[in-house]
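So you know, we letter chains A, B, ... as the sequences are listed, proteins then strands, and number each from 1.
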Protein chains: 2
Amino acid sequence: MSKKEDILKAATLLFATNGFKDTSMAELAHMTGAASATIFYHFKSKEELFLSVLSSVKDGILDEFSHYFGEKKFANGLEMLEGTVSFYLYLAGNKAEWFLLLHRYYPYKLAKENNACRHSLEDIYNCFVDIFEKALVQGQADGSIGKLSPRKTALLMLSTVDGIVRFKNCDLYDAGALYNELIATIRRMAANRNQKI
Amino acid sequence: MSKKEDILKAATLLFATNGFKDTSMAELAHMTGAASATIFYHFKSKEELFLSVLSSVKDGILDEFSHYFGEKKFANGLEMLEGTVSFYLYLAGNKAEWFLLLHRYYPYKLAKENNACRHSLEDIYNCFVDIFEKALVQGQADGSIGKLSPRKTALLMLSTVDGIVRFKNCDLYDAGALYNELIATIRRMAANRNQKI
DNA sequence: AGCCTAACTGACTGATCAGTTAGTTTTTAC
DNA sequence: GTAAAAACTAACTGATCAGTCAGTTAGGCT
């Protein structure tokens, strides 16, 4: 792996665990075995480094979801919905640093004045919401899911699942212990009242 | 108001909007018209100031909820549940700085090594979850809410509502536009399948 | 008045930080 | 082989920061 990639990977971890301001370029340099000037050779400023990190996280998330939903086939919309929740939780455990980063306030604050940052965040959240929405639309077509606004319900479901991930990342509550209830709740949220579920 | 209270109030706003590290004692001093040494006279360190802020936020939240639920009477558990969601959203708008602070990562990180911080956060989240749980238990008793684990469902509902508030605070999605859908979703989550809702 | 204490302050300090400069080493291309 | 370009670095800088110190001021009590 190139030194630039090393730096990006270490920076992702540091920004995720310590935040933007609490990550020092000296610390990052020491961690990667590079001189701090090397970091400024590859990334012109700390903020640009952060933007690169966020962009690579965006690429990672979009890749992961497109791979999962490219291979996996679902019997109906409700099953796709459950698959989405499961995969979101799996990813939040497997790539914890991505979600830690997204659960910090700094990216959203930066997004207010920086277009690149805003676009990365929009891509990420659109990816999340779109998949929930697709499952809901499919489920309404095949009858496994009841009548409701797909976009808004997708947002509410993302809110629920992401909230649980945040609770876990903040050490407030254990996500694993809530898994069964979460799936059951999502089913109830999507319930088609015309059939037994 | 005493200067100490002035400092605490301004610090709450600054910590909420800029975070811990990005709030400078000099800025806080200038904002309150005090010398920076005055802040250190009242609070022995920046961290202790933050703990005082968090503790006062905790007191504020506990007060607000105890007043609301002390006065208000509900016909049944389901109505209490809706009242809880509405009041949570109202408070998130009216006391935005409290929720901005709670949606930052710093408090949770500090909580891992500081008992006072951990206890404040526990008090706040127990208050939230307890009220949702109480509504669910009452609703199960009066038949307005179906059979489900009250504690876990309370957590999931808090996760949904708080997630929406976070989306709003991060400028991702508008909470107001989702209000009707949110209430409808909460009703579906709590649904008693034995009766029309 | 005199005294005590709590509230407050201006001026300072040492540490840390992001970023620069001027230069060296390594890789690439011919 | 060599020249140019890319990768890298040690040493430095100016700014900012939390926190200190040596005092001054204001108000209550006898």
What is the distance, to the nearest angstrom, from the [atom1] atom on [X] to the [atom2] atom on [N]?
X       : N      : atom1 : atom2 : value
B:Phe43 : C:dC8  : CZ    : C1'   : 14 Å
A:Asp22 : C:dA15 : CG    : C1'   : 15 Å
A:Ile39 : D:dC8  : CD1   : C1'   : 12 Å
B:Phe40 : C:dT9  : CZ    : C1'   : 14 Å
B:Lys21 : C:dA15 : NZ    : C1'   : 12 Å

Can you figure out which of [options] approaches the side chain of [X] most closely?
X       : options                : value
A:Ser36 : D:dA18, D:dC8, C:dG19  : C:dG19
A:Tyr41 : D:dG19, C:dT9, D:dA7   : D:dA7
B:His42 : D:dT9, C:dA7, D:dT20   : C:dA7
A:Met25 : C:dA18, D:dA18, D:dA10 : C:dA18
B:Ala35 : C:dT20, C:dG10, D:dA10 : C:dG10
A:Lys3  : C:dA18, D:dT20, D:dT9  : D:dT9

Contact class for A:Ser24 (heavy atom, under 4.0 Å): base, sugar-phosphate, or nothing?
->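 Contact class for A:Ser24: sugar-phosphate only.
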NA contact type, A:Thr23, heavy-atom cut-off 4.0 Å: base, sugar-phosphate, or nothing?
->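 Here A:Thr23 touches the backbone only, sparing every base.
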For the ring pair A:Tyr68 and A:Phe65, is the centre-to-centre distance below 6.0 Å?
->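 A:Tyr68 vs A:Phe65: aromatic centres not under 6.0 Å.
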Indicate, with yes or no, if the rings of A:Phe15 and A:Phe20 have centres closer together than 6.0 Å.
->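 Yes.
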Backbone of A:Cys117 reached by a side-chain donor or acceptor of A:Ser120 within 3.5 Å |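 Judged by distance alone, no pair lies under 3.5 Å.
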Under 4.0 Å: is that the gap between some side-chain N or O of A:Thr38 and OP1 or OP2 of D:dA7?
->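 No.
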Would a hydrophobic clustering, with Ile, Leu, Val, Met, Phe, Trp and Tyr connected at side-chain separations under 4.5 Å, put B:Met80 with B:Tyr88?
->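 Same cluster: B:Met80 reaches B:Tyr88 through Ile, Leu, Val, Met, Phe, Trp or Tyr contacts under 4.5 Å.
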Tell me, please, whether B:Tyr106 has B:Lys21 positioned over its six-membered ring: NZ or CZ under 6.0 Å from the ring centre and within 45 degrees of its axis?
->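 No.
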